[in-house]
Amino acid sequence: MIIKIKDLYKNFGDLEVLKGINCSIKEKEVVVVIGPSGSGKSTFLRCINKLEEPTSGTIIIDGYDITDPRTDINYVRQEVGMVFQRFNLFPHKTVLENITLAPVKVRNVSQEEAEKTARELLQKVGLSDKAEAYPSQLSGGQQQRVAIARALAMRPKIMLFDEPTSALDPEMVGEVLAVMKQLAREGMTMVVVTHEMGFAREVGDRVIFMDEGRMVEEGTPEQIFNNAQNPRTQLFLSKIL
Amino acid sequence: MENILHALPLMLEGAGISLIITAVGIILGSIIGLAAGLARLSRNKLVRLGGTAYVDFFRGSPLFVQIMLIYFGIPGLLKSLHEYWVSTGGEPFMTNFSLNIWFAAILSISLNSGAYIAEIFRAGVQSIEKGQIEAARSLGMNHFQAMRYVILPQAFKRVIPPMGNEFIMLLKETSLLSVIGFEELARKTQLEVARTYATFELWLTAAFIYLIMTFTFSRLVDRLEERLKTD
């Protein structure tokens, strides 16, 4: 198990957002988290790389207990790439610089080596010709593909996706999902929060339905989408499918 | 007219001194301001309190009073301390307590501008979207690296217009240094007026010299801002 989460609680002030999450994720597994907005799925994802500090519980990533204050979280984060809804590319840097910055400054990779890797990754996401462009010159779909390349440049073992297509115009969703599908086929461990049920069905090894801070139901895409047991899952799916 | 021409070289010399003291004030003020601005954003409560106390004090009291406090107040304090030391049986070791006037001028102007620049930097850093620091941290950068490579470069671009503003404000406020006899433009004008009695002409000339300097500078800032627009 590359991710082990036990009794995870997260409060924002008086608001309980996560109410006891238990979840283990295997290496190379693609887990898709679905659920209504406000169900805590993004908070859950952000706890996995400690962008949100858990209120209680333990999270073990590749053997490191990140809820232990002695753990070097910056080291563990190098193993866990994250892709955000709003891309969050660095606007003052070119595409190439966006991708090479962290490997050079954090992993101490040489500039030439980092650029070589960056160009390979750009080719992989289909943006070889955009290396020298600034983020503002790219479309949303292109920016998100650069963001994926930037995360991959750290050679992470796990990739987290926080609604990666929610901020995109509909015609750009496909190009981003295609990159994610390829990544899944290559055996990347992925945790994806999304509203793209087609993607969940096609790529997901496991689908988790979250509601009101709890994991209500989980199973294979087949089980969840065609044979949901819990009435809340059924209600949610009936609204969106 | 003759009076103006006669006074002009000295007044221009004063204008040069005003510019120098402003430039030095902005440079030292930026260093102080960056430290104080970041202190105000620190997670450490004590550090934050220190930054806030400094900023509040120097923004909340008049520069005029700060100049008096530094130039006259500090020597007064040193003298009292020294007298106390001697009264308790210590050997006297100081005879001259007055501050060098350039030192006092630079110190008061820098400390004052530092407080305003701290707020400019703080606002600049806070104006960067939260997603930027999250992206940087998610890549494994520590807080310092995220600030150094991602947040501050973006914040610096955004603080150029308010910094230009601060320079202009400061240039005008250096005229207050005339109160301690520091010979910048206002003080030089005062001296020339006393000599020639050409009150209206010379003060009007001084106003125009300030105006020319501030106007030129604000155009320069506009151009710099234009050139730095990458995105």
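Per chain, numbering begins at 1; letters A, B, ... match sequence-line order. Atoms considered below: every heavy atom in the structure, side chains included; atoms not considered: hydrogens, waters and symmetry mates.
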Heavy-atom distances under 4.5 Å only: say whether B:Q145 touches chain A with side chain, backbone, both or neither.
side chain

So with a 6.0 Å cut-off around [atom1] of [X], is the heavy-atom count from everything else above 12?
X: B:L46; atom1: CG; value: no
X: A:F12; atom1: CZ; value: yes
X: A:K181; atom1: NZ; value: yes
X: A:M1; atom1: CE; value: yes
X: B:E225; atom1: CD; value: yes
X: A:Y75; atom1: OH; value: no
X: A:R86; atom1: CZ; value: no
X: A:R155; atom1: CZ; value: no

Examine distances only and state if a side-chain atom of A:N49 and a backbone atom of B:S138 form a donor-acceptor pair shorter than 3.5 Å.
no

Under the 3.5 angstrom rule, does the side chain of A:H92 hit a backbone N or O of B:K157 as a donor-acceptor pair?
no

Are the side chains of [Y] and [X] in contact, using a 4.5 Å heavy-atom criterion?
X: B:E134; Y: A:R46; answer: yes
X: B:M141; Y: A:K105; answer: no
X: A:K93; Y: B:P153; answer: no
X: A:L101; Y: B:L139; answer: no
X: A:N88; Y: B:E129; answer: no

To the closest 0.5 Å, what do you measure between CG (A:D72) and CG (B:N142)?
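Interatomic distance, A:D72 CG to B:N142 CG, rounded to 0.5 Å: 9.0 Å.
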
Please test A:N74 against B:R137 for side chain to side chain donor-acceptor pair (under 3.5 Å), starting from the C-alpha separation and ending with a verdict.
CA-CA 7 Å; A:N74 297 320; B:R137 297 303 302 270; 3.3 Å; yes

Please find the pair of heavy atoms, one from B:A135 and one from A:R150, that lie closest to each other, and give the distance.
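For B:A135 versus A:R150, the nearest heavy atoms are CB-NH2, 3.5 Å.
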
Which answer fits A:F84, side chain, backbone, both or neither, if we ask what part of it has an atom under 4.5 Å from a heavy atom of chain B?
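Only the side chain of A:F84 comes within 4.5 Å of chain B.
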
Can you tell me which portion of A:L89 sits under 4.5 Å from chain B's heavy atoms? Options are side chain, backbone, both or neither.
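Backbone only.
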
